[in-house]
Amino acid sequence: ESQLALVKDNCSSLIRFMKEDLSHMVDDRTRREIELMNGLAKVDHEHRVLQDKMESKINEKEELLESVREEYEELGLVYDEEEVKAALEVKYLLEQMEKIETEK
């Protein structure tokens, strides 16, 4: 009987150890999943912010092009969209260069 009790005790200890180990593994996995979900949420938020900024810039440029087109029509000039876009890009690049210079 003492051998049987010893075997039962060893088995109980082994089962308890395995349950604790499994519990730690589940905790680690849960922690990693939470970290990944937080990272994904952060990246998704940053993506949405950038998307909103880009849409805003596109809308601004479209409004600017429309106002330039209207001015051309008022002045009786021929509106060449490609020429106007190129001029606006040059203007934008000059503004960015000026911004960089003032930040130095």
Side-chain angles (χ1 to χ4, degrees):
E1 279 187 32
S2 69
Q3 286 183 344
L4 183 58
L6 186 61
V7 169
K8 281 184 179 181
D9 188 42
N10 284 340
C11 286
S12 293
S13 294
L14 181 60
I15 290 171
R16 192 170 39 256
F17 171 77
M18 291 177 77
K19 283 182 178 180
E20 287 174 4
D21 192 43
L22 182 60
S23 175
H24 290 299
M25 289 171 60
V26 169
D27 289 346
D28 285 345
R29 180 178 174 194
T30 302
R31 181 184 46 78
R32 279 190 233 123
E33 286 177 354
I34 290 170
E35 288 173 358
L36 288 171
M37 292 301 290
N38 286 339
L40 180 61
K42 181 179 178 183
V43 168
D44 184 58
H45 173 72
E46 290 171 357
H47 176 263
R48 289 176 192 271
V49 167
L50 285 174
Q51 186 175 7
D52 289 345
K53 284 182 182 179
M54 292 306 295
E55 287 175 2
S56 176
K57 284 184 179 182
I58 289 170
N59 289 337
E60 286 177 21
K61 289 194 182 273
E62 287 175 351
E63 289 172 6
L64 181 59
L65 282 173
E66 181 63 24
S67 70
V68 169
R69 186 187 62 75
E70 289 172 359
E71 286 181 33
Y72 267 63
E73 287 177 358
E74 287 175 10
L75 295 172
L77 300 173
V78 177
Y79 177 75
D80 180 352
E81 188 171 332
E82 293 304 315
E83 182 182 309
V84 171
K85 283 182 180 179
L88 291 173
E89 286 299 318
V90 168
K91 179 183 176 196
Y92 174 76
L93 291 174
L94 290 172
E95 288 171 354
Q96 292 301 311
M97 289 172 52
E98 185 177 304
K99 184 178 177 182
I100 290 170
E101 288 297 320
T102 57
E103 288 178 358
K104 285 184 180 180

[X]: which residues meet the side chain to side chain contact (heavy atoms under 4.5 Å, CB included) condition with it, sequence neighbours left out?
X: E83; value: Y72, D80
X: N38; value: I34
X: E66; value: R69, E70
X: S2; value: none

Original post:
Testing D21, I15, L22 for side chain to side chain contact (heavy atoms under 4.5 Å, CB included) with K19, which one passes?
Top reply: I15
Original post:
Would L77 and V84 show up in the same hydrophobic cluster when neighbours are defined by side-chain heavy atoms closer than 4.5 Å?
Top reply: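 Result: yes, single cluster for both.
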**OP:** Answer yes if L75 and V78 sit in the same cluster of Ile, Leu, Val, Met, Phe, Trp and Tyr residues linked by side chain heavy atoms under 4.5 Å apart, and no otherwise.
**Re:** no
Subject >> Within 45° cone and under 6.0 Å: K61 NZ/CZ vs Y92 ring >> reply: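 Checked: cation-pi criterion met.
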**OP:** State whether the side chain of S13 and the backbone N or O of D9 hold a donor-acceptor pair below 3.5 Å, judged by distance alone.
**Re:**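 Yes, the answer is positive, given that a donor and an acceptor are paired below the 3.5 Å cut-off.
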Which pairs of donor and acceptor atoms, one on a side chain in residues 93-100, lie under 3.5 Å apart (sequence neighbours left out)?
none

Subject >> Any residue meeting side-chain hydrogen bond (donor to acceptor under 3.5 Å, both in side chains) with K85, in chain and number order, not counting sequence neighbours >> reply: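 side-chain hydrogen bond (donor to acceptor under 3.5 Å, both in side chains) check on K85 returns E81.
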**OP:** Identify whether the distance between the nearest side-chain nitrogen and carboxylate oxygen of D44 and R48 falls below 4.0 Å.
**Re:** yes
Original post:
With side chains defined as the heavy atoms from C-beta onward, is the minimum distance between D28 and R31 less than 4.5 Å?
Top reply: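 D28 vs R31: side chains touch.
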Original post:
Can you check whether E55 reaches Q51 side chain to side chain, under 4.5 Å on heavy atoms?
Top reply: yes
Original post:
Going from CG on L65 to OG on S67, what distance comes out if it is rounded to the nearest 0.5 angstrom?
Top reply: 8.0 Å
